[in-house]
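Here's the structure we're looking at; comments come further down.
Here is the naming used below: chain letters follow the sequence lines, and residue numbers restart at 1 for every chain.
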Amino acid sequence: MTLVRQAALLLWKDVVVELRAKELVYATVFFAAIVILVFAFAFLGGERPSVDVSAGVLWVAMALAGTLGIGRAFEREREGDTMRALLLSPMPRAAIYLSKLVAISLLMLLVEAVSATLLSLLFGVSLTEHLLPLCALLGLGTFGFAAVAALFGASLGRARSRDVLLPLLTYPIVVPILIAGTRGSVALLVGQPEGLATAIWWLKFLVVFDAIFITLGLWVFDPIMRGDS
Amino acid sequence: MKPRLWFFAAVLLSAIGLIVAPQLIVAAPREATMGLVQKIFYYHVPSAWVCVLAAFVCAGGSAAYLFTGSEAGDRVAAAAGELTVLFGLCVLVTGPLWARKAWGTWWQWDVRLTTTLLMWMIFVAYLFARKYGGPGAKKLAAGLALFGAADVPLIYLSVSIWRTIHPKTTVVKTLDPAMQGPFWTAFATFTVLFFVLLELRLSLERARSRLDALHLAAEDQLDE
């Protein structure tokens, strides 16, 4: 079995579990909607807020909902002690990491699709003009975010204060993603001719970020999951 | 475990430096536009240098611990991680003090400031992970240190594209010759001080792990 096939099998397991329970999807989508509403109450007064604010709201909602979903996903693993079972199985650790990474990304992409739609309704931004580059920004940003958060989420499984520690460890590391994501989205949403070139520069930046952190994640996942010697 | 000769020499050197450097700094010429506040520079830049040095030592120790299981690497990383936060705090306190006078504002979202702040936060998170991470926390923290070290260039790049007003590092080369002496004295003193503090912290960790080993041995004997 190749690594990709093993990871796909593990991913399929996570998808089936979630399709049966539907707990994570409902909770995180609803949470993201609430976050966007909170921002709407805070920022939508008289005039329409700037495009900077709308793009920022989307990425902040993504980060907040992402950590909530990841925390809950690993909590479920801990309750069933399934992470230990996975680690005992003959699957390579890299496959486990990859499957978690993709599963989290899928969940977050679903959440982002809903929150972006809500954002365009409430904040009055047009997303359709540059839909493809915007999707690419969100996809790459999500992938990088998940590469960091999956590693910390999995290894915090046994810690008492894991709910607090997960965002505390993840956010400072993923700041470049948030900068790249918001700057790229603003460039697209403002609709200036040079906007697309700026967005493409940030897209390339995200590709580099993802490559570095997925490589590093694959590299350190195994030693970290062995625990303290 | 005898204290080594180099350690005493380093303590002596840093003590002399901490006495001599302030006098040199007072004697140094006043900067024409910024006046007295420019003297913060003599503390600010060496602190920043030691902060980065400590971060790299921490990442190196973490890599050694993660991939070879070296306990010594873990102790070095723990000690250096704390020193990163300590010297980073010096940088983040002295920086705004200077900025208020020079730029007229406490804080600017400039590339160096933002990168330093975020690096500092990553290492605060490192200490959090070590303290509250539960079982497996040492490995997790080591992973975080590696992620942090890989992240710093990316933070720097992203923020520099985003915005930039901090003086370039070339400022040191164009420094008035009369300011060079005090600056490099302070620089050397801070560097030696870093190694003194690192060794002090390491000896504490070594004593702790010896105590743990003795505890385990005593329990074994009681069991028999």
Side-chain angles (χ1 to χ4, degrees), chain A residues 78 83 87 144 147-149 151-184 186-187 198 201-202 204-206 208-217 219-229, chain B residues 59 62-71 73-74 78 85 88 109 111 114-163 209 212:
Chain A
R78 201 186 61 84
M83 200 65 195
L87 292 173
V148 177
L151 179 78
F152 293 145
S155 50
L156 274 171
R158 288 166 295 170
R160 236 179 323 131
S161 41
R162 55 189 169 274
D163 299 338
V164 186
L165 278 177
L166 181 62
L168 224 58
L169 305 189
T170 310
Y171 289 159
I173 303 269
V174 299
V175 162
I177 292 187
L178 293 180
I179 293 179
T182 44
R183 290 300 101 198
V186 167
T198 314
W201 193 91
W202 285 115
K204 287 182 192 157
F205 177 85
L206 283 174
V208 173
F209 185 98
D210 289 5
I212 292 177
F213 279 88
I214 291 173
T215 314
L216 209 54
W219 200 30
V220 301
F221 188 73
D222 179 41
I224 285 185
M225 295 312 284
R226 274 178 210 192
D228 292 346
S229 43
Chain B
S62 299
Y65 175 58
L66 215 50
F67 296 115
T68 68
S70 146
E71 286 290 328
D74 180 56
V85 172
W109 291 105
V111 56
T114 315
T115 310
T116 312
L117 177 68
L118 284 168
M119 192 180 93
W120 186 75
M121 290 182 105
I122 289 172
F123 280 90
V124 172
Y126 172 85
L127 296 187
F128 266 119
R130 282 195 79 94
K131 190 144 176 61
Y132 304 111
K138 284 152 91 185
K139 285 271 165 84
L140 166 64
L144 180 68
L146 281 188
F147 267 48
D151 208 25
V152 170
L154 289 171
I155 296 177
Y156 189 88
L157 179 64
S158 63
V159 180
S160 73
I161 299 295
W162 180 33
R163 50 188 52 215
S209 64
D212 282 348

Worksheet item: Counting heavy-atom pairs under 4.5 Å to chain A, which of Leu146(B), Ile122(B), Val152(B) comes out on top?
Response: Ile122(B)
Worksheet entry | Option that, when pairs with chain A are counted at under 4.5 Å, heavy atom only, ranks first among Val124(B), Leu118(B), Leu117(B), Leu144(B) | Leu144(B)
Worksheet entry | Between OG1 on residue Thr115(B) and CH2 on residue Trp120(B), distance to nearest 0.5 Å | 15.5 Å
Portion of [X] that has a non-hydrogen atom of chain B nearer than 4.5 angstrom:
| X | value |
| --- | --- |
| Trp202(A) | side chain |
| Ile173(A) | both |
| Val148(A) | both |
| Leu165(A) | side chain |
| Leu216(A) | both |

Fill in: Salt bridge present between Asp74(B) and Arg130(B) (N-O < 4.0 angstrom)
yes
Practice prompt. Over 60° means perpendicular and under 30° means parallel, so classify the ring planes of Phe152(A) and Phe147(B), tilted if in between.
Written response: tilted
Worksheet, complete the sentence: Closest heavy-atom pair, Gly143(B) versus Ile224(A), reported as atoms and distance to 0.1 Å, is CA-CD1, 3.7 Å
Worksheet item: Looking at Pro172(A) and Pro167(A), what are the two nearest heavy atoms and their distance?
Response: CD-O, 4.0 Å
Worksheet item: Of the listed residues (Trp201(A), Phe221(A), Phe205(A)), which shares the most heavy-atom pairs with chain B below a 4.5 Å separation?
Response: Phe205(A)
Discussion item. My understanding is that only residues two or more places apart in sequence, or in another chain, count here; which of them pass side chain to side chain donor-acceptor pair (under 3.5 Å) with Arg162(A)?
Written reply: Glu75(A)
